[in-house]
Amino acid sequence: MSATKKLFVKTYGCQMNMYDSDRMIDLLKPLGYKLSDVPDDADMIILNTCHIREKAEHKLYSDIGRLEPYKDAKAAKGEYMILAIAGCVAQAEGEEITRRKPCVDMVFGPQSYHKLPEMIAQAYRSLAANGKPAVLDVDFPVESKFDLLPMPSPDNHKGAAFLSIQEGCDKFCTFCVVPYTRGTEYSRPIDAIIKEAKHLVTLGVKEITLLGQNVTAFHGIGPDGKEWSMGRLLFAIAEIDGIERIRYTTSHPKDMHDELYAAHRDIPHLMPYFHLPIQAGSDAILKAMNRKHTADDYRRIVDKLRDIQPNIGMSSDFIVGFPGETDQDFEDTLQLVRDIGYVQAYSFKYSIRPGTPAALIEYQVNEDIKDSRLQILQELLREQQLAFNISRVGKPMTVLLEKEGRHPGQLIGRSPYLQSVHLDAPHRLLGQIVTVDIEGATQFSLAGKMVTQEHIHHT
Ligand code: SAH
Ligand code: SF4
Ligand code: F3S
């Protein structure tokens, strides 16, 4: 396998999938696979899938249908296009995928990525022997894939990078597939994380986002042989020279701890933006969701965060129409949103996931009610987001310049609150942090003028 091969990767779902896709791309590079933006003529296609809601799954199957003609065109030239399904749908559905879509050649879950070269070799062997590569790997192996995946390579980054520090989830919220698709919670050792973070800095990375399904429950083994909390890890990351911005996601209210609050108090380059999903504002629904906290617990956490870091902006996830949700339960969610005031938030209609406990609850909310609740909630969240963005106008903000804008001379970057900021700036500043005077705001973005290029550590 020495000749250059074309690889096309499509990533669905969360940031952990984005991180995983990059690691797969890095792993295939030494085998001669070159990443392509289009599926035409690809030797290998990887769809890195998400199973979180039914819609994500439907999208996968329609995408497979769309890719089939490319495969046929390749076959007409006497060549083979390997179609591989990775990620959480692969883990959840396994062989069912190849039964439904026989054009799929390989199915493997998130715990198998380090074995990709071996699986591809196996696929080509089976292609030679039977005219069809067929590989299925959805085991949860005991070894850690992280130790066996390569370090990130230079061309994936523009100033900001993800770093997975944890995988899986032991929380078992009754609506959620993640504990089944990603397995039990595993925290990477501190040394491995620090090594990867330092490596990212050598690639020019200034902002690191630590990733996990439940990073607040992180408990990786430190160099002292003891389990370190998320808060303690943040202090260690903050000591690395060259890291100017730190973020982490996703957090769970149940796992907030003193060292984490201390990190928000004492680490100036920990961004003042906290994504803390609550899902619903009604205690009855939170209980039925097995969230293990009340709405008031959540309010207290936010109060404490705001005491410690007054400029902190809150973000969250919400589900409307969880089985049994009444008008009053929904009103409690709206009230919580009014009480907290979000800088932005994600909201979803409850989606029945086969195999999860909530799927068995008898009283499911009908689709029309879910639709209207989602609309009402999203309207409120939109108002809050716009009000927050407008409140930034006339103030300076630091911006990490990430990519080119649509107009010549325009760059787009991220504020500390993850808003997109549009400004005119020279191309050579891509990947740098600059200060911008904010002059305009919409719901989704800010615009402004660059003041200086500087390397200050705060907002
Ligand atoms: N580990 C994170 C994120 C999990 S998935 C957490 O604990 O919050 C991201 C979001 O998808 C969840 O926060 C939830 O709001 C949403 N989600 C998960 N399962 C869902 C389902 N069955 N229907 C609708 N939304 C769902
Ligand atoms: Fe899913 Fe709950 Fe785990 Fe988040 S904490 S991944 S919502 S089970
Ligand atoms: Fe989706 Fe799996 Fe992430 S289900 S949200 S890709 S962990």
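Predicted model only: the values in this text are computed from it and were never measured. Note that ligands are numbered from 1 as they come in the structure, with each ligand's atoms numbered from 1 the same way.
Taking distance alone, with nitrogen or oxygen atoms compared against 3.5 Å, R53 approaches ligand 1 more closely than that limit. Checked by distance only, ligand 1 and H252 stay at 3.5 Å or farther apart across all their nitrogen or oxygen atoms. The shortest N/O to N/O separation between D317 and ligand 1 falls below 3.5 Å. Note: no N/O pair closer than 3.5 Å links I319 and ligand 1 by distance alone.
Which parts of ligand 2 touch F172 is read off a 4.0 Å heavy-atom cut-off, strictly below it: atoms 8 (S). With ligand atoms numbered from 1 in the order given, ligand 1 contributes 23 (N), 24 (C) to contacts under 4.0 Å with heavy atoms of Y350. If you number the atoms of ligand 3 from 1 as listed, the ones under 4.0 Å from a heavy atom of C50 come out as 1 (Fe), 4 (S), 5 (S), 6 (S). Atoms of ligand 2 found under 4.0 Å from any heavy atom of H252 (numbered from 1 in listed order, with element): 5 (S). For ligand 3, the atoms closer than 4.0 angstrom to any heavy atom of N17 are 6 (S). For ligand 1, the atoms sitting less than 4.0 Å from at least one non-hydrogen atom of Q213 are 1 (N), 2 (C), numbered in the order shown with element in parentheses. If you number the atoms of ligand 1 from 1 as listed, the ones under 4.0 Å from a heavy atom of P277 come out as 8 (O). Proximity to F175 (heavy-atom distance under 4.0 Å) selects the following atoms of ligand 2: 7 (S). The ligand atoms of ligand 3 that sit less than 4.0 angstrom from a heavy atom of C88 are 2 (Fe), 4 (S), 6 (S), 7 (S).
Residue side and main chain included, H51 places no N/O/S atom under 2.8 Å of atom 1 (Fe) of ligand 3. At least one N/O/S atom of C176, whether from backbone or side chain, sits less than 2.8 Å from atom 1 (Fe) of ligand 2. Atom 2 (Fe) of ligand 3 has no N, O or S atom of C14 closer than 2.8 Å.
Side-chain contact check for E259 and S229: at least one donor-acceptor pair (N or O, by modelled atom type) lies under 3.5 Å. Under 3.5 Å, the side chains of Q443 and Q385 contain a donor-acceptor pair of N or O atoms. For N389 and Q419, the side-chain atoms include at least one donor-acceptor pair closer than 3.5 Å.
In terms of protein heavy-atom proximity, atom 2 (Fe) of ligand 2 is nearest to C173 SG, 2.3 Å. The protein non-hydrogen atom at the shortest distance from atom 3 (Fe) of ligand 2 is C169 SG, 2.3 Å. Protein heavy atom at the shortest distance from atom 6 (C) of ligand 1 is T250 CG2, 3.9 Å.
Between S351 and K55 there is no side-chain heavy-atom pair separated by less than 4.5 Å.
When each of N48, T49, D63 is checked for a side chain to side chain donor-acceptor pair (under 3.5 Å) with K10, only D63 meets the rule. With F175 as the partner, the side chain to side chain contact (heavy atoms under 4.5 Å, CB included) test is satisfied by one option alone out of T356, I319, I352: I319. The only member of R299, H293, R291, M314 that meets side chain to side chain contact (heavy atoms under 4.5 Å, CB included) when paired with I278 is H293.
Nearest to atom 4 (Fe) of ligand 2 by heavy-atom distance, out of K171, K254, Q213, is Q213.
Aromatic rings from F8 and Y33 are positioned such that their centres are separated by 6.0 Å or more. Ring centroid separation for the pair Y273 and Y417 does not come in under the 6.0 Å cut-off. Less than 6.0 angstrom separates the ring centroid of F172 from the ring centroid of Y180.
Under 4.0 Å is where a charged nitrogen must lie from a carboxylate oxygen, and between E118 and K115 no such pair does. Note on R23 versus D20: no salt bridge recorded, every NZ/NE/NH1/NH2 to OD/OE distance being 4.0 Å or above.
Under 4.0 angstrom from ligand 3, the non-hydrogen atoms of R182 all belong to its side chain. Heavy atoms of S351 found under 4.0 angstrom from ligand 1 belong to the backbone as well as the side chain. Counting heavy atoms closer than 4.0 Å to ligand 1, residue F175 contributes atoms from both its backbone and its side chain. Here K349 has backbone heavy atoms under 4.0 Å from ligand 1, and that is the only part of it that gets that close.
Contact between I190 and P223 at its shortest, heavy atoms only, is CB-CD, 4.0 Å. Of all the heavy atoms in A217 and K171, the pair that sits closest is CB-NZ, 4.1 Å.
Not a single heavy atom of Q15 sits closer than 4.0 Å to an atom of ligand 3.
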